[in-house]
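The block underneath contains the structure these notes are about, expressed in structure tokens.
Nothing fancy with the numbering, it's 1 onward along the sequence. Both ligands and their constituent atoms are indexed starting at 1 by order of listing. Please read these numbers as outputs of a predicted model, since none were measured by experiment. Hydrogens, waters and symmetry mates play no part in the numbers below; they use all other heavy atoms, side chains included.
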Amino acid sequence: MDLSRFPRRRYSHAPTPIERLPHFTAALAAQCPAGHRPEIWIKRDDMLGLFPGGNKTRKLEFLVADALAQGADTLVTCGAPQSNHCRITLSAAVKEGLRCRFVIEERVPHSFREDASGNHFLFRLMGVESMRVVPAGTDMAAEMQREVEALAGEGRKGYAIPGGGSNAIGGLGYVACVQELMAQSLDMGVRFDHVIVGSGSSGTHGGMLAGFVGHRYDATLTGIGVSRDPQDQVPLVLKEAQAVHDLLGTGVQVPVEAVRCVGGYWQPKYSVPNARMVEATQWLARTEGVILDPVYTGKIMAGLIGLAREGHFRDGEQVLFMHTGGLPGVFAYERELLGQVEMAP
Ligand SMILES: *Cc1c(COP(=O)(O)O)cnc(C)c1O
């Protein structure tokens, strides 16, 4: 899969590290059935550029390059009140000398607060041009189009980036990640049996799946849903992976059987903390000093832990957890992460 004919900006200096998690692996093994004790590794996509980066940085390398190629002067995007994607898009805009506007979807009623910390604080610190808040269920593509039209009325040129940066162009970032992972695997002499990744707007899971299928990489890719159960998530991931192949013109049909999604761990609702997320986040912090986030990676790691406890992995299998970022989120959920708030299991 040749990505070189697509324009790309570079926001990170090196491949993100792949590290062993020895203390966590030992603690987890003690809770797994005999014969089902895997070794756990982590790929540090929380250390991508546009600090503190995360998975959106990889997608934006291709999306922003496309915006620049089209002569845009303003990036328009959308997300939740604590959106990592909005923060990283703004960061890319600042770095490129572009302006940036958000449409914020209040998925949880009254969750937008002018004085909020975390990503919201960083929106203000990095000087977002505007944030328009709309209620849950709003047609975000139509709202972003309105912003682009308003900009055109002022003689400016906006470029709309869909939620999470998840379209065919954004997905190229995670094809590139698969190529990086394959090179690292070869260098390190480690063969991964499983890769565990978050599955939300699906550019990450779908982009990786496109790469796995296109390169015949034979590890098992499993997406842990952060906002949907498999019946709703599988079609999104399949659509994204296929869109990436269509853009690349490979002629590959991505088979639906290749899409593996796990549900449940995101409950009771997208972005609302649960006890399993808190357990996973405290566990990683206290065994490895690795900080997960409450909205995504804490729930995704809870999924990995749950699968391991059920005996899903076998002795000697190498399991790679994709740390997709989200660090600022911890500062918006401090009491929850310290276990000082009642919450759903
Ligand atoms: C956006 C995000 C995800 C989910 O990635 P998608 O490409 O939207 O599926 C996972 N982890 C973090 C930290 C994110 O910000």
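- Residues H120 and F112 place their aromatic rings such that the two centres sit under 6.0 Å apart.
- Proximity to G203 (heavy-atom distance under 4.0 Å) selects the following atoms of ligand 1: 7 (O).
- Shown in contact with G326 at under 4.0 Å from a heavy atom are these atoms of ligand 1, numbered in order with element: 13 (C).
- E240 and K59 are not joined by a salt bridge, as no carboxylate oxygen comes within less than 4.0 angstrom of a charged side-chain nitrogen.
- Minimum interatomic distance between G326 and N84 (heavy atoms only, all atoms of both residues): CA-OD1, 3.4 Å.
- With sequence neighbours left out, D73 forms a salt bridge (charged side-chain N to carboxylate O under 4.0 Å, His left out) with R156.
- Heavy-atom contacts of K59 reach the following atoms of ligand 1: 6 (P), 7 (O), 8 (O) (cutoff under 4.0 Å).
- Of all the heavy atoms of N55, the ones lying under 4.0 Å from any atom of ligand 1 belong exclusively to the side chain.
- Taking 4.0 Å as the cut-off, G325 counts as a neighbour of ligand 1 on heavy-atom distance.
- Inclusion of G198 in the set of residues having an N or O under 3.5 Å from an N or O of ligand 1 is not warranted.
- Looking at atom 9 (O) of ligand 1, its nearest protein heavy atom turns out to be G200 N, 2.7 Å.
- At the shortest separation from atom 10 (C) of ligand 1 among protein heavy atoms lies T324 OG1, 3.2 Å.
- For atom 14 (C) of ligand 1, the nearest non-hydrogen atom from the set M322, H205, M208, K56 comes from K56.
- Taking a cut-off of under 4.0 Å to the non-hydrogen atoms of T204, the atoms of ligand 1 that pass are 5 (O), 6 (P), 7 (O).
- Under 3.5 Å, the side chains of D66 and Y159 contain a donor-acceptor pair of N or O atoms.
- Here is the list of ligand 1 atoms found below 4.0 Å of a heavy atom in S202: 6 (P), 7 (O), 8 (O), 9 (O).
- The CD atom of E39 sits 10.5 Å away from the CG atom of D193 when rounded to the nearest 0.5 Å.
- Listed by number with element, the atoms of ligand 1 under 4.0 Å from a non-hydrogen atom of S201 are 6 (P), 7 (O), 8 (O), 9 (O).
- Under the side chain to side chain contact (heavy atoms under 4.5 Å, CB included) criterion, A243 pairs with A168, not counting sequence neighbours.
- Ion pair D218/R216 not flagged as a salt bridge, since none of the NZ, NE, NH1 or NH2 atoms sits closer than 4.0 Å to an Asp/Glu carboxylate oxygen.
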